[in-house]
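A quick write-up on the structure given underneath.
Quantities reported herein were computed from a predicted structural model and do not represent experimental measurements.
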Amino acid sequence: MQGPAYNRPVCYNKRMLMQCWFALLITLLSATPLLAQPPVQAMGKIDKAELELTDCAFDKGAAALKLVDRRHIFYTKGEHVLKMVADRQTRIKIFNNEGLGYANVRIPYIIASDNEKINNIKAYTYNLGPNGTVTATKVDKKSIFVKKVNKNINEIVIAFPRAKAGSVIEYSYTLERNNIGFIEDWYFQDEIPVLYSEFELRAPLLFKFREDAFIYAKVEKKEALEDDLLQVDGTMRRIKTLQKKYVMRNLPGIQDEPFITSKNDYRQRISLQLAQTEEGNGVTKDIRTTWEDVVTRLNQDEDFGEELRKNIPAAAAVIADAAQHPDTLSRMVKIFNVVRNSMDWNGSLSPYALSGVRTAWENKIGSSGDINIILVNLLRQAGVMAEPMLVSTRNNGTVNINYPSERQFNTVMAFVPIGENFYVLDATDKYTAWQLIPYTACNAWGLRLRSENNHQWVELLPHKEHREVTVIQATMDAAGLMQGDATINSYHYAKTPRSKTWLQDEADFLSTYIIGNIPNITINQLQVLNADNDSLPLEQKIRFSLPLNSSGGYTYFSPNLFFGLDENPFTSDERKSDIDFGCRQAYTLHGSFTIPENHAFETPSSNFQLIMPDTSIIFSINRQVEDNLLRVRMSVQFKHSYYLASNYPALQDFFKKIFAKLNEPIVIRKK
């Protein structure tokens, strides 16, 4: 179980923070709760009924259940200015061994510039003994430790040694943050069901927050004004404090669904951004961060802008070699291939070059930030106009463009405009061709950093498609054995995952992409070409044999062989998330099937076409029977790559009809 991922602190200067409070030094002395708390025991105590739970009543079969998840935020005096304080309490019931992963808690926090601190950590494991007694075991200090993530981030790791199926675990902590303007989104919903989720904000009335919510279930929202005792210029005063409280209950877990991007996009949540402060006499000051502010901070950051401006002496030969290429595109391709082939990605996603470009280049390993900032750096030195582009990858979640914060992004890529075209390059990916937008960024928005304070939003819509073309020539003998040759050409986004799998694990490639769901097939020969050539499709040449099913003098087979659409992904009757294929798709099969002279096709010639009501998908099958020869042409074309969840019923029905037709058998009888 992990909290939100942090890459770098958002640092505001002292003068800005001082202006947030009349430029006065103020201390909040009280921290009373807003309203009555839920019927939950204090830390270290538990109701026996929680331990006796065996399932979640509103989300059957869940591996675990969040009984309580609460965060209370308030403001108080820091060392020089105000700081934000957030108290968190989480209690989780573990139903089975699959849920034991939630007994390994990681809490990240920023150590750079002493921006954040975590203290007051408490943790308990509750178990029910054989005689029905409840035991509460406090997690000792040796099971709570600090782990370094990178030079800016640490994380608190809490292990619950006595946790097992049936246990309840609970932990609480306090986070102190010097940056008062940033509040993480509060997610009421999680991958596992949540019984009770509460978010409370207590802030001086002169703070004005912008509120954005993604909520479609019932939420209890309450507000109240309280008098707080404060110290202003050494004088004790009373000032109004606004307290907001949001509660949601009985939320089912967010489930994996085919072609979902990020579960975070569908979790019910609330976003709060400090927007304005009152400076007295009815005067307000807008302190909202803008995207221009974000760009300026990044360009001044020692791990971003400064690393972009450094030269890399050890890469001088690479730059000199690329300079021999007369045109810009050739130089771009040359440097891109050198960087991605010589650098190893350590698996860490970050927009920042935390190792430093020189160190990462010399060691030939780094994070996505290290590698792609090196790429931008070398491209520029070779005379190629290249810019860093911040990206939130598909599985990280959609960027809220109305909420300026670099924390929404989890990586950086290179943006290269050449003539009328542009290229988005990710040198951590050794398999995606330079002509393609990396699949991890397809249909996302990228923040292109054009200069010190200039930016542009770019919608990363792929102009290439996932395309597969299959050609089959096969013959059935009198014993009902089909033997033949097939060639599959995988283009663009169809090629990338196949090439990666082939180069990493040939056996996995064979079972995943060739044998698939074809029972009893034998692959006698397989040849794969162009896996490491960005300009040509992946060519897969197959020699196969397949015993056909026979019954009552009839033989059956499906021409749906190596087509690319093996299994219907949309069998569930309900769908919560939008369907995002990432790119348009096209599948085509040309088949030629010959049977012995003393056999005949019972299945007649036919033409069939099916079109979605919005014409976004076209499916067709053409079958031509000529004596003992059957020619088949099948095709599916997707004109759209994205479908709203509200359109799921139509999409599900369409796929059901497609697969019914694809799996319709060809019938052969013996004369």
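- The main-chain N or O of S348 is found under 3.5 Å from a side-chain atom of W345 such that the two form a donor-acceptor pair.
- For D344, the side-chain hydrogen bond (donor to acceptor under 3.5 Å, both in side chains) criterion is met by no residue, not counting sequence neighbours.
- Side-chain N or O atoms of N311 include none that pairs as donor or acceptor with a backbone N or O of P313 at under 3.5 Å.
- Between E307 and K310 a salt bridge is recorded (basic side-chain N to carboxylate O distance below 4.0 Å).
- Side-chain N/O atoms of R575 and Q652 include no donor and acceptor closer than 3.5 Å.
- Under the salt bridge (charged side-chain N to carboxylate O under 4.0 Å, His left out) criterion, the residue pairs touching residues 321-336 are D321-K334, with sequence neighbours excluded.
- Between the side chain of N341 and the backbone N or O of N337 there is at least one donor-acceptor pair closer than 3.5 Å.
- Although no hydrogens or angles enter the test, the distance criterion places no donor-acceptor pair under 3.5 Å between the side chain of D534 and the main chain of Q435.
- Checking side-chain atoms of R267 against main-chain N and O of Q189 turns up a donor-acceptor pair under 3.5 Å.
- Two rings, from F544 and F562, have their centers less than 6.0 Å apart.
- Of the possible polar contacts, none joining the N363 side chain to the I365 backbone as a donor-acceptor pair under 3.5 Å is found.
- For the pair Q540 (side chain) and I488 (backbone), a donor-acceptor distance under 3.5 Å is present.
- A centroid separation of 6.0 Å or more is found between the aromatic rings of Y643 and Y648.
- Residue pairs satisfying the salt bridge (charged side-chain N to carboxylate O under 4.0 Å, His left out) criterion with at least one member in residues 380-395, sequence neighbours excluded, are listed as follows: E387-R448, R394-D580.
- Going from atom CZ of R340 over to atom CG of L425 covers 9.0 Å, rounded to the nearest 0.5 Å.
- Using a 30° and 60° split on the angle between ring planes, F655 and F638 fall in the tilted class, from 30° to 60°.
- Between S490 and R498 the shortest heavy-atom distance is OG-CD, 3.3 Å.
- For the residue pair S368 / N372, no side-chain donor-acceptor distance below 3.5 Å is found, with atom types taken as modelled.
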